[in-house]
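Let me begin by presenting the structure, written as structure tokens, before commenting on it.
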Amino acid sequence: MARIQWTDAYTLGIKTIDDQHKHFLDALNQLLDAQEASGQACVADNLVARLKDYADGHFHVEEGFMQAFGYPGYEAHLMEHEHFRDTVRHFDEACSNGGGDSAAILDYLQNWMVQHLTGVDRQLGRYLEQHLR
């Protein structure tokens, strides 16, 4: 699997969120590297925990922005975050139980991240940009 490289297409223009997204991609890329090196991303237990913790912290920030500024797409965006959390939990559980299909899970996470950044996060960024002026 190819690493996700940060591009301007992912930039929302909100430094706090953009910086968090860059760190988030770094954690995901480290899992991809572990998968490529060993055939099993589960060997990188601390990276799975880091991804899980980071997602929780980052989503909390995004959700706080959405609530503070009355973002109309809050519920749908929250559902995407919950689905991601569930998938990372599933990945963590699969690793704890001896494996699972880490390549398939990482493929999902990678696709989710790109779609999320260029979809609902882009919409959120536009909304916040109008309200933060």
Side-chain angles (χ1 to χ4, degrees):
M1 279 177 257
R3 295 176 56 124
I4 302 172
Q5 300 300 318
W6 183 265
T7 70
D8 288 342
Y10 303 144
T11 300
L12 301 184
I14 299 159
K15 184 172 176 19
T16 302
I17 294 175
D18 286 338
D19 287 348
Q20 289 180 346
H21 284 159
K22 288 174 186 176
H23 290 293
F24 202 59
L25 286 179
D26 182 54
L28 184 54
N29 282 332
Q30 288 182 36
L31 284 171
L32 292 167
D33 289 346
Q35 171 69 28
E36 186 175 302
S38 69
Q40 183 57 266
C42 293
V43 300
D45 262 349
N46 63 328
L47 293 177
V48 175
R50 181 176 153 208
L51 185 64
K52 190 166 62 172
D53 292 344
Y54 193 80
D56 287 340
H58 169 66
F59 292 162
H60 179 74
V61 169
E62 269 191 11
E63 292 161 10
F65 270 106
M66 288 187 269
Q67 289 177 321
F69 291 95
Y71 182 58
Y74 174 74
E75 292 298 325
H77 203 128
L78 182 65
M79 286 176 52
E80 285 207 18
H81 287 175
E82 287 302 319
H83 190 257
F84 185 88
R85 284 179 176 116
D86 288 345
T87 302
V88 172
R89 274 188 221 106
H90 177 263
F91 184 38
D92 190 36
E93 289 169 9
C95 286
S96 296
N97 293 325
D101 190 354
S102 62
I105 294 170
L106 286 173
D107 186 53
Y108 165 80
L109 293 175
Q110 189 176 34
N111 288 327
W112 183 93
M113 188 67 185
V114 170
Q115 294 299 318
H116 191 76
L117 288 173
T118 59
V120 296
D121 273 359
R122 165 89 44 227
Q123 293 168 0
L124 173 62
R126 288 182 186 133
Y127 180 85
L128 291 175
E129 185 178 33
Q130 293 172 353
H131 289 82
L132 289 171
R133 293 180 190 192

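Residues take their numbers from the sequence shown, with the count starting at 1.
- At distances below 3.5 Å, not a single donor-acceptor pair connects side-chain atoms of Gln20 with backbone N or O atoms of Gly57.
- Criterion: ILVMFWY side-chain heavy atoms under 4.5 Å apart, direct or through other members. Under it, Leu78 and Leu124 are part of a common hydrophobic cluster.
- Partners of Arg89 by salt bridge (charged side-chain N to carboxylate O under 4.0 Å, His left out), not counting sequence neighbours, listed by chain and number: Asp86.
- Distance check: Thr118 OG1 to Gln123 CD gives 10.0 Å after rounding to the nearest 0.5 Å.
- Every residue two or more places apart in sequence or in another chain that forms a side-chain contact (heavy atoms from CB on, under 4.5 Å) with His23 is listed here: Tyr54.
- Atom CG of Leu32 and atom CZ of Arg3 lie 7.5 Å apart (nearest 0.5 Å).
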Next on the checklist: Please evaluate residues Tyr10 and Phe24 with respect to the criterion ring pair (Phe, Tyr, Trp, His ring centres under 6.0 Å), reporting the C-alpha separation (whole Å), side-chain torsions for both, the decisive distance (0.1 Å), and the verdict.
Outcome noted: CA-CA 12 Å; Tyr10 303 144; Phe24 202 59; over 10 Å; no

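- Pairs passing the salt bridge (Lys or Arg N to Asp or Glu O under 4.0 Å) check and including a residue from residues 71-82, sequence neighbours excluded, read Glu82-Arg85.
- Looking at heavy atoms from C-beta onward, Phe84 lies in side-chain contact with Leu109 at the 4.5 angstrom threshold.
- To the nearest 0.5 Å, atoms CZ (Phe59) and NE2 (His77) are separated by 7.5 Å.
- In the model, His81 has no side-chain atom that pairs as donor or acceptor with a side-chain atom of His58 under 3.5 Å.
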Next on the checklist: Between His131 and Phe65, is the ring pair (Phe, Tyr, Trp, His ring centres under 6.0 Å) condition met? List the steps.
Outcome noted: CA-CA 11 Å; His131 289 82; Phe65 270 106; over 10 Å; no

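- Distance check: Ile4 CD1 to Leu117 CG gives 8.0 Å after rounding to the nearest 0.5 Å.
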Next on the checklist: Apply side chain to side chain contact (heavy atoms under 4.5 Å, CB included) to residues Thr11 and Trp6 and explain how you reach the verdict.
Outcome noted: CA-CA 9 Å; Thr11 300; Trp6 183 265; 3.6 Å; yes

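- Residues His21 and Asp121 form a side-chain contact, since some pair of their non-hydrogen atoms from C-beta on lies under 4.5 Å apart.
- For the side-chain contact (heavy atoms from CB on, under 4.5 Å) test, residues two or more places apart in sequence or in another chain that qualify with His90 are Ile105.
- Residue pairs meeting the salt bridge (Lys or Arg N to Asp or Glu O under 4.0 Å) criterion with at least one member in residues 8-20, sequence neighbours excluded: Lys15-Asp19.
- Residue Tyr127 comes nearest to Gly70 through the heavy atom pair OH-O, 3.1 Å, listed as atom of the first residue, atom of the second, then distance.
- Cluster membership check: Leu25 shares its hydrophobic cluster with Val88, using side-chain heavy-atom separations under 4.5 Å among Ile, Leu, Val, Met, Phe, Trp and Tyr.
- Evaluation of the side-chain contact (heavy atoms from CB on, under 4.5 Å) rule for Asn111 yields Asp107 as partners, not counting sequence neighbours.
- Grouping the Ile, Leu, Val, Met, Phe, Trp and Tyr side chains by contacts below 4.5 angstrom, directly or via other members, places Phe69 with Ile17.
- The hydrophobic clustering, which links ILVMFWY residues whose side-chain heavy atoms are closer than 4.5 Å, places Val61 and Tyr71 together.
- Atom-to-atom distance recorded for Leu128:CG and Ile14:CD1 is 4.0 Å, nearest 0.5 angstrom.
- To the nearest 0.5 Å, atom NE2 of residue His83 and atom OH of residue Tyr108 are 4.0 Å apart.
- When the side chains of ILVMFWY residues are joined at heavy-atom separations under 4.5 Å, either directly or via intervening members, Tyr74 and Met79 end up in two distinct hydrophobic clusters.
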